Amino acid sequence: LTPLAGLMMGSRCGDIDPGVYSYLTAHAGMNIEQVDEMLNKKSGLLGISELSNDCRTLEIAADEGHEGARLALEVMTYRLAKYIASMSVACGGIDALVFTGGIGENSDIIRERVLGYLGFLGLKADHEANLKARFGNAGVITTADSAAVAVVIPTNEELMIAHDTARLSGL
């Protein structure tokens with residue numbers, strides 16, 4: 001129904017107990033609009049870190065000892081790994097894991113932490129390959145003896161939009 005469901009994002013909470021609405025209205029004096037504003041615009045990485053919704057900023061701050069940034073990244077990587085693991089159960093296993101998009105393409109830290117959580121699936125991060133697969137560089141980031149392969153594949157959203165536009169306009 002809303003973009004709140006699923007993975008925690010920069011400013012959205014992700015999956016959360018729906019009872020939070022009644023709890024916050026009864027115990028924190030918030031109205032429904034305020035709760036909605038908080039869950040959609042002031043939660044996620046921003047809410048946990050109390051610093052930023054930008055993963056790059058949080059990685060730097062966590063490295064410098066900012067506890068909120070460290071916690072935000074930890075919660076996000078744990079929850080991402082949890083989603084991947086649950087999907088692998090639904091699929092009967094995993095053959096390949098693709099990291100893409102802003103964080104998936106650019107954050108070796110997030111990728112390595114997620115793969116660390118998924119070690120029980122036989123995924124083993126190749127630290128050096130993972131470092132090389134940053135900033136638009138595609139590549140396999142798991143070791144040769146991993147049970148499945150994890151790869152980084154850069155997106156080209158502008159090209160896809162152009163293709164879709166041409167297709168829809170009949171060009």
Side-chain angles (χ1 to χ4, degrees), residues 1-25 28 30-59 61-62 66-123 125 130 133-134 136 138 141-142 147-161 164:
L1 182 63
T2 74
L4 289 181
L7 186 63
M8 178 180 87
M9 295 181 247
S11 62
R12 293 187 187 125
C13 63
D15 287 342
I16 194 166
D17 183 337
V20 72
Y21 278 92
S22 59
Y23 181 85
L24 291 174
T25 57
M30 298 172 77
N31 63 40
I32 293 296
E33 291 78 21
Q34 290 169 319
V35 175
D36 193 58
E37 168 87 6
M38 180 184 70
L39 296 178
N40 276 289
K41 297 181 180 175
K42 298 177 181 173
S43 294
L45 294 173
L46 174 63
I48 294 172
S49 71
E50 297 181 334
L51 178 67
S52 176
N53 66 353
D54 189 315
C55 192
R56 296 166 294 193
T57 301
L58 296 179
E59 287 178 357
H66 189 283
E67 188 58 29
R70 187 205 60 75
L71 180 61
L73 294 172
E74 183 61 30
V75 169
M76 186 183 72
T77 55
Y78 171 78
R79 290 175 96 178
L80 177 55
K82 189 168 86 167
Y83 278 109
I84 295 166
S86 69
M87 288 179 219
S88 71
V89 169
C91 294
I94 186 171
D95 297 318
L97 176 60
V98 178
F99 289 94
T100 193
I103 295 171
E105 289 176 42
N106 299 310
S107 179
D108 57 292
I109 295 167
I110 297 299
R111 293 190 306 258
E112 197 150 334
R113 287 182 183 179
V114 169
L115 290 174
Y117 277 122
L118 298 173
F120 73 96
L121 291 174
L123 290 162
N130 187 34
R134 292 185 294 179
I141 61 169
T142 43
V149 64
V151 297
V152 176
I153 300 177
T155 58
N156 191 336
E157 294 171 1
E158 292 82 6
L159 179 62
M160 293 308 302
I161 291 168
D164 288 345

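Note that this is a predicted model, so its numbers are computed, not measured.
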Can you check whether [Y]'s main-chain N or O pairs, donor with acceptor, with [X]'s side chain at less than 3.5 Å?
X: Asp36; Y: Ile32; value: no
X: Asn53; Y: Leu46; value: no
X: Glu105; Y: Thr155; value: yes
X: Thr25; Y: Tyr21; value: yes
X: Ser86; Y: Tyr83; value: yes
X: Ser43; Y: Asn40; value: no
X: Ser52; Y: Thr57; value: no

Taking the side chain as every heavy atom from C-beta outward, state whether [X] and [Y] have any atom pair closer than 4.5 Å.
X: Tyr117; Y: Thr77; answer: yes
X: Leu39; Y: Val20; answer: yes
X: Met9; Y: Leu45; answer: no
X: Val151; Y: Val149; answer: yes

- request: Sorted by first residue and then second, give each ring-ring contact (aromatic ring centres under 6.0 Å, His included) pair with at least one member in residues 30-57; sequence neighbours left out.
  value: none

field: Spacing of CG belonging to Asp54 relative to OG belonging to Ser11, to within rounding of 0.5 Å
entry: 11.5 Å

- request: Apply side-chain contact (heavy atoms from CB on, under 4.5 Å) to Asp108 and list each qualifying residue two or more places apart in sequence or on a separate chain.
  value: Arg111, Asn130, Leu131, Arg134

- prompt: Does the pair Arg70 and Glu67 meet the rule for a salt bridge (charged side-chain N to carboxylate O under 4.0 Å, His left out), with working shown?
  reply: CA-CA 5 Å; Arg70 187 205 60 75; Glu67 188 58 29; 2.6 Å; yes

By salt bridge (charged side-chain N to carboxylate O under 4.0 Å, His left out) - contacts of Asp17 (at least two apart): none

